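I have placed the structure first, in the form of C-alpha cells, so that the comments after it can refer back to it.
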Amino acid sequence: MPSSPGGFEVPLWRAIAVFRVASLAYVCLLAVRDADRYAHPLAAGGLVLAMIVWTGVTAFGYARPAWRAWPLLLADLGVVLAIMLATPWVIGRSALHAGVPTLAVAWLAGPVLAWAVSGGRRRGTVAALVIGGADLATRERVSQSSLTGVILILLAGVVVGHVARLAVTAEERLHRAVELEAATRERERLARDIHDSVLQVLALVQRRGAHLPGEAGELARLAGEQEAALRALIAGAVPAGVTDDGPVDLRALLGRYAAATVSVSAPATPVPLSGPVARELAAATAAALENVRRHAGGRAWVLIEDEGTTVTVSVRDEGPGIPDGRLAEAVTQGRLGVAQSIRGRITELGGTARIVSTPGAGTEVELTVPRVDR
C-alpha cells in the first residue's frame with residue numbers, strides 16, 4: 001500500500017516524530033545513569049549523539065511526502081540496526097548480562113512505525129522482524145523479557161500499519177464522496193435548466209408534429225427519442241467525470257439508453273461489474289446503438305445476459321443489414337467506428353465482439369466481457 005501525501009496520514013507521521021524524540025530522551029537518561037557501567041563510555045556518547053542527529057534527520061525527512069520513500073526508509077532501518085549491533089561492544093557483554101539495558105531501548109521502534117505508516121501491515125511486520133531479530137542477536141541469552149519486547153514491536157508494526165491503511169482508505173472514500181457530491185449538485189443544476197428549457201421544447205415538438213407526414217413527422221419522432229433519453233440521463237445516469245472503480249450495476253448504465261425505439265431487457269437481479277469494465281461496455285453499446293440510428297433506423301433491442309464468469313450485451317436491429325465486406329472496406333477507408341468504438345473497447349477488456357448480419361434481416365452485435373477485477 002503506497003503512502004499518500006493526503007491529510008489523514010499527517011498526524012501519524014507527527015506522532016512518530018514525537019515518539020522518537022520522547023524515546024530519545026529516555027535513552028539519554030539511561031545513558032547518563034549507566035555510563036559508569038559501560039565498557040566504552042565515550043563510544044556510547046558518540047552513539048547517543050548519532051541517535052540525536054538521526055532523530056532530527058528523520059523528523060525533517062518524514063515531514064515531506066516526497067521523501068517518504070525507499071531511500072529514507074532503508075537508511076532509517078540501517079542506522080538503527082548499526083547502532084543495535086554496536087551495542088554489545090559499547091556496553092559490554094558482562095554489563096548486558098548483569099541487566100544493563102541496551103543502548104537503543106524503545107528508540108529502536110522508530111523504523112518499525114515509519115515502515116508501517118508508509119506501507120501498511122506487511123511493511124510494518126517486515127521491519128519489526130528485522131529489528132526484533134537484531135535485538136535478540138545482541139543478547140547472550142534470550143529471556144522472557146527480551147521476547148516480550150520483540151512481540152510488542154511486532155504488534156506495534158501490525159497495529160499501526162492497519163491504522164495507517166484505514167486512514168488512507170478513509171481519505172480516498174472521503175475524496176470520492178466529495179467528487180460525487182459536487183457532480184451530483186452540478187447534475188441537479190443542469191437538470192433544472194434542461195427541464196425548464198430543452199425538455200419542454202422537445203416535448204412540444206413531439207406533440208405538435210407527431211401526426212404530421214414526411215420530414216416533420218420524422219423530426220417529431222426524433223425529438224421524442226431525445227426527450228426520453230435526456231429524462232433517463234437526468235433521472236439516474238452516472239455523473240460524468242466521476243472515477244469510481246468499485247462495482248457498478250450494468251443495468252443502470254444501459255438503462256439510460258432506453259427510448260421509444262430502443263428496448264432494454266435485463267435480469268431482475270443486479271449485474272455487477274467493476275467500474276472501468278462497465279463504463280467501457282456501456283460505451284461500446286452506445287456506439288452500436290448509434291450505428292443503428294445512422295444506418296438501420298427503426299427499432300433496436302438491447303439484451304443483457306449475466307452468465308456468471310462472463311457478461312454479454314446484445315444489440316439487435318431490424319434494418320437492412322451490413323453487406324459482405326462492408327466493415328473491411330470501412331477500415332480501409334479510415335472509418336474506424338466499429339473497429340475502434342466497439343471491437344477495440346471490448347478487446348482491451350479481454351472480451352469478444354461478434355457481429356452477425358444478414359442483408360435484409362438486420363444486424364446483431366454481441367459483446368462479451370469476462371467478469372474480472374480490473
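Given the structure is predicted, the values throughout are model-derived calculations rather than measurements.
- The CD1 atom of Ile16 lies 9.0 Å from the CG atom of Asp76; values are rounded to the nearest 0.5 Å.
- Between Glu305 and Leu303, some side-chain heavy-atom pair lies under the 4.5 Å cut-off.
- Without hydrogens or angle criteria, Thr58 side chain to Thr55 main chain gives a donor-acceptor distance under 3.5 Å.
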Walk me through whether Val80 and Leu108 qualify under side-chain contact (heavy atoms from CB on, under 4.5 Å). CA-CA 6 Å; Val80 174; Leu108 57 82; 3.9 Å; yes

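- For the pair Arg354 and Glu366, the salt-bridge criterion is met [side-chain N within less than 4.0 Å of a carboxylate O].
- With Phe60 as the aromatic partner, Arg64 meets the cation-pi criteria of under 6.0 angstrom to the ring centre and within 45 degrees of the ring axis.
- By the 4.5 Å heavy-atom criterion applied to side chains, Arg33 and Pro101 are counted as neighbours.
- To the nearest 0.5 Å, atom CZ of residue Phe19 and atom CG of residue Leu24 are 11.0 Å apart.
- The cluster map of Ile, Leu, Val, Met, Phe, Trp and Tyr, joined by side-chain heavy atoms under 4.5 Å apart, puts Val130 and Leu85 in different clusters.
- For Asp306, the salt bridge (Lys or Arg N to Asp or Glu O under 4.0 Å) partners at least two apart in sequence or on another chain are Arg371.
- For the atom pair Leu281 CG and Thr312 OG1, the distance stands at 9.0 Å (nearest 0.5 Å).
- The CH2 atom of Trp107 lies 10.5 Å from the CE atom of Met84; values are rounded to the nearest 0.5 Å.
- One N or O on the side chain of Asp249 and one on the backbone of Val271 form a donor-acceptor pair closer than 3.5 Å.
- Other residues, nucleotides and ligands place more than 12 heavy atoms under 6.0 Å from the CZ atom of Arg299.
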For Glu171 and His175: C-alpha separation, side-chain torsions, deciding distance, then whether side chain to side chain donor-acceptor pair (under 3.5 Å) applies. CA-CA 6 Å; Glu171 184 175 11; His175 181 67; over 6 Å; no

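- Between Thr368 and Ile346, the shortest heavy-atom distance links the atoms O-CG2, 3.7 Å.
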Let's go through Trp301 and Asp317 carefully: what are the C-alpha distance in whole Å and the side-chain angles of both, what is the deciding distance for side-chain contact (heavy atoms from CB on, under 4.5 Å) to 0.1 Å, and is it a yes or a no? CA-CA 6 Å; Trp301 291 265; Asp317 65 66; 5.6 Å; no

Start with the C-alpha gap between Ile131 and Leu77, add the side-chain angles, then the distance that decides, and say whether side-chain contact (heavy atoms from CB on, under 4.5 Å) holds. CA-CA 8 Å; Ile131 292 293; Leu77 188 64; 3.6 Å; yes

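- Side-chain heavy atoms closer than 4.5 Å link hydrophobic residues (I, L, V, M, F, W, Y) into clusters, and following such links, possibly through other members, connects Trp89 to Val105.
- Under a hydrophobic clustering in which Ile, Leu, Val, Met, Phe, Trp and Tyr are joined whenever their side-chain heavy atoms come within less than 4.5 Å, directly or via other members, Leu42 and Ile52 fall into different clusters.
- With a 4.5 Å cut-off on side-chain heavy atoms, Met51 and Val79 do not count as touching.
- With hydrogens and angles ignored, the 3.5 Å screen pairs a side-chain donor or acceptor of Tyr257 with a backbone N or O of Ala282.
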From CA spacing to verdict: side-chain contact (heavy atoms from CB on, under 4.5 Å), Leu367, Val365: CA-CA 6 Å; Leu367 311 174; Val365 178; 3.6 Å; yes

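- Clustering ILVMFWY residues whenever any of their side-chain heavy atoms sit less than 4.5 angstrom apart, transitively, puts Leu47 in the very cluster that holds Tyr26.
- Listed for the Arg256 side chain is a donor-acceptor partner under 3.5 Å among the backbone atoms of Leu253.
- No chain of hydrophobic side-chain contacts below 4.5 Å, direct or via other Ile, Leu, Val, Met, Phe, Trp or Tyr residues, connects Leu30 to Val21.
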Before you tell me yes or no, could you show the steps for Thr310 and Glu307 under side chain to side chain donor-acceptor pair (under 3.5 Å), namely the whole-Å CA-CA distance, both residues' side-chain angles and the distance that decides it to 0.1 Å? CA-CA 5 Å; Thr310 61; Glu307 299 167 330; 2.9 Å; yes

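- Panel note: side chain Arg68, backbone Tyr62; a donor-acceptor pair is recorded below 3.5 Å.
- Here the straight-line distance linking atom CG of Leu254 with atom CG of Leu289 works out to 8.5 Å at 0.5 Å rounding.
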Just do the side chain to side chain donor-acceptor pair (under 3.5 Å) check on Arg316 and Thr363 with the steps written out, would you? CA-CA 6 Å; Arg316 182 171 58 86; Thr363 301; over 6 Å; no

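- The CZ atom of Arg121 sits 8.5 Å away from atom OG1 of Thr125, with the distance rounded to the nearest 0.5 Å.
- Using modelled atom types, one side-chain atom of Arg251 and one backbone atom of Ala268 make a donor-acceptor pair closer than 3.5 Å.
- Remark: Arg173 CZ is loosely packed, at most 12 non-hydrogen atoms of other residues, nucleotides or ligands lying under 6.0 Å away.
- Geometric assessment of Arg123 against the ring of Trp115 yields a negative cation-pi assignment under the 6.0 Å and 45° thresholds.
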Please test Glu290 against Arg293 for salt bridge (charged side-chain N to carboxylate O under 4.0 Å, His left out), starting from the C-alpha separation and ending with a verdict. CA-CA 5 Å; Glu290 178 64 16; Arg293 187 187 68 81; 2.6 Å; yes

